[in-house]
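So the structure is just underneath, and the comments pick up after that.
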There are 2 protein chains.
Amino acid sequence: MKTKKNSTIHDISKKLNLSIATVSRALNNSSKVKPRTKAKILAAASELNYQQNHVALALKSGQSKIVGVVVPFLNHNFFSSVIGSIENTLSKENYHVAIYQTHESYETEVKHIKALLNAQVDGIFLSASKETKDYGHINEVLERNKPLIFFDRKLNVPGTSSVVIDDFKAAYEATTHLIKQGAKKIAHFAGDFQLEIYQNRFNGFIEALKDNHLDFDKRFFYRTDQNVEGGIKGMKSIWQYKDKPDAIFSSNDFAVGGAIQVIREYGLSIPKDLLIAGFSNEPFTQFMETPISTVDQAPLKMGETAAEIFLKKIRKEENLTKENSIILNPTFFPRASSLKNRS
Amino acid sequence: MKTKKNSTIHDISKKLNLSIATVSRALNNSSKVKPRTKAKILAAASELNYQQNHVALALKSGQSKIVGVVVPFLNHNFFSSVIGSIENTLSKENYHVAIYQTHESYETEVKHIKALLNAQVDGIFLSASKETKDYGHINEVLERNKPLIFFDRKLNVPGTSSVVIDDFKAAYEATTHLIKQGAKKIAHFAGDFQLEIYQNRFNGFIEALKDNHLDFDKRFFYRTDQNVEGGIKGMKSIWQYKDKPDAIFSSNDFAVGGAIQVIREYGLSIPKDLLIAGFSNEPFTQFMETPISTVDQAPLKMGETAAEIFLKKIRKEENLTKENSIILNPTFFPRASSLKNRS
DNA sequence: TTGTAGGCGTTATCAC
DNA sequence: GTGATAACGCCTACAA
């Protein structure tokens, strides 16, 4: 196979005995180049299979047309859906989407954000790792004059924007639903309160209990990461007392997956012995024989909204450091796992 | 907030009254710069918060340190896992991973690959869309002297490499398992035979039937995309005759999810009335109350292997157009959905 | 050991 | 309308 080296405007200018300036103008559809010349140049460009070199453009313009997206995990459906939505929205505007996962490590997050900055990305979308407490790397992005947009897991850093859902409301709604279905002793699988989302979900949960004059038994509280093992341990933990809970509100779906394994092992049945509601609307929740009630976090809308904030800022329709904080409406999906009295 | 413009080697050279050449050398740890000078330069660089501009480097060196990954969908666990694995492997080598999804559209695939070439990526990883029949865009990548590595859904284009699993073997194994569990009339949900993987899965299925002296009833064949709707239609289609199948081998998990909805609706039970095996080991398959037998496609190994082929080529340890075709071993996971005689 | 200068591919600002 | 030329930030012969 013959290797075609990329042709440049120099090649075209040489072939046509024109200056590179004219070639550049023609290629950029400038009005002040003679139609005949323009036609010749376009023909030559096509013949030589000319493709604009975006790296040169980026160096010249300071705009790389690349955005970075940093998430804890790629293979959680929620995150990959948000990323897919950002990609759909921004690839239409000729942006490239570079992705990084932190695996919840603060150090990795810092490293990746610096790498993105060095790559001269035009903006960064971040869903923070649970370890992140220091904001130095965030401020560095702002100091470089690049928009930083949080989604789902935001940090309160002045000058940044964010798109989140109303976690408090979602948790309140899910909990109220469990109570209406008869639950009186609801267990909670919580996330790391370092992250606002988990604090808010807990707060919404507690508020719903209060509003319904129910107490919270602290023995039924279990803190866990978003994974199956956490749910296994959590279920075992809350089930160890003589007094049993009659429902679980989990701040993530994966822990529900784990809990259900233990529930089967214990010979219990859902929703008869235990009502269950999760969080995130991971696909598996709807496939279960007893589909799991859960909160949809509107990932597609979230990605699209975040992308649009970015575009607004990059187009200077909005000040870079104007804090554009969008709170999307979550949707609670009641499913069989929490419907006690099904007809 | 004060905006810090990126400092460059010029800023350092000015501050220290040294030439940019010396600064560049010091920053690149060249041996021929006086230790004292080097120390001063490093100090100044740190003070000015100097960060290397990768775009300038890319223009100079012709290496952008960006790779592109193009997949049909991001929010399928298999694809996001492969991408995550590519990211893990290549970010260690300071590469950026830009992602694109085609939604199975050939046009979109071509558009994205051209965009990646314009961005001067150093290589492209592709899992082809089912519509792709023409190889012009692939050859363009090769003509530009960039490695192209297929994963999972490969096309037979000279000069490209690939990492796939042995789909034939996986399908043969899954089908044989169903037969051993007593299945005699196995239905098949097939994918688009335009894609080798689905053809191979079908072939493995048929071969297993033959080797066990079973006929294939063509009424029990249903072609579908990777989604729930396809499984719903497929199940209804194969169940419309008086004569019923006693098992389904589906070439993808999502269709199984759909089929199961209909199975519940019909009041049937798995594995009593119908044995089921799927393909891809999507997470939901193991969460089900009756976990679904499926084939694991080794996404982590696949991503890592593909990334390593890329690195080998980029480091010239291997010729760019040397066709490095890796076939990984799939793992069939027999689960409750296909185990007739559980103890 | 350090400095000068050219070039990577573009665009933009001047002239002509 | 068109052409030289500088500039974006970096690296690297080649000179000194």
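A, B, ... follow the sequence lines: proteins, then strands. Residue 1 opens every chain.
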What integer distance in Å separates K40(B):NZ from dT2(C):P? 9 Å
Ignoring backbone atoms, test whether S19(A) places a side-chain nitrogen or oxygen under 4.0 Å from the OP1 or OP2 oxygen of dT2(D). no
From the options dC10(D), dT11(C), dG1(D), select the nucleotide whose nearest atom is closest to the side chain of N28(A). dT11(C)
Regarding E93(B) and K65(B), does a basic nitrogen lie under 4.0 Å from an acidic carboxylate oxygen? no
d(CG, L59(B); P, dG9(C)) in whole Å: 7 Å
Whole-Å gap separating P (dT1(C)) and CG (N29(B)): 14 Å
Under 4.0 Å, counting only non-hydrogen atoms across every strand here, what does Q120(B) touch: a base, just sugar-phosphate, or nothing? nothing
Of I9(A) and V33(B), whose nearest nucleotide on DNA chain C comes first from the 5' end? V33(B)
Could you tell me whether K313(A) and E308(A) make a salt bridge, using a distance below 4.0 angstrom between a side-chain N and a carboxylate O? no
Picking from dT1(C), dA12(C), dT4(C), which would you name as closest to the side chain of K60(A)? dA12(C)
For I20(B), answer base if it contacts any base atom (sugar-phosphate contacts may also be present), sugar-phosphate if it contacts only those atoms, and nothing otherwise; contact means non-hydrogen atoms under 4.0 Å. base
By the 4.0 Å heavy-atom rule, please label K32(A) as base, sugar-phosphate, or nothing. base
CA sep, side-chain torsions, deciding dist, call: I197(A), V164(A), side chain to side chain contact (heavy atoms under 4.5 Å, CB included): CA-CA 9 Å; I197(A) 51 169; V164(A) 298; 5.7 Å; no
For T37(A), report the nucleic acid contact type (base, sugar-phosphate, nothing); a contact means any heavy atom under 4.0 Å. sugar-phosphate
Could you give the CG-to-P distance, from N17(A) to dG3(D), as a whole number of Å? 9 Å
Given atom NZ of K34(B) and atom P of dT2(C), what is their separation to the nearest angstrom? 5 Å
H10(B) NE2 to dC10(D) P: how many Å, rounded? 8 Å
Considering only side-chain heavy atoms of Y50(B), which listed nucleotide, dT2(D), dG9(C), dC10(D), is closest? dC10(D)
Expressed as a whole number of angstroms, how long is the span from D11(A):CG to dG7(C):C1'? 15 Å
N or O in side chain of S24(A) less than 4.0 angstrom from dT10(C) OP1/OP2: no
R25(A) has an atom CZ; how far is it from atom P of dC14(C), in whole Å? 14 Å
Candidates dG9(D), dT4(C), dG9(C) - which lies nearest the side chain of N53(B): dG9(D)
E196(A) and K154(A) ion-paired at < 4.0 Å: yes
Looking at K38(B), I'd like to know if its NZ atom is crowded, meaning that more than 12 non-hydrogen atoms belonging to other residues, nucleotides or ligands lie closer than 6.0 Å. yes
Does the distance from a Lys or Arg side-chain N to an Asp or Glu carboxylate O, for E109(B) and K130(B), drop under 4.0 Å? no
Closest-nucleotide 5' rank along DNA chain D - winner of K38(A) and L27(B): K38(A)
Using a 4.0 Å heavy-atom cut-off across all strands, classify T8(A) as base, sugar-phosphate, or nothing. sugar-phosphate
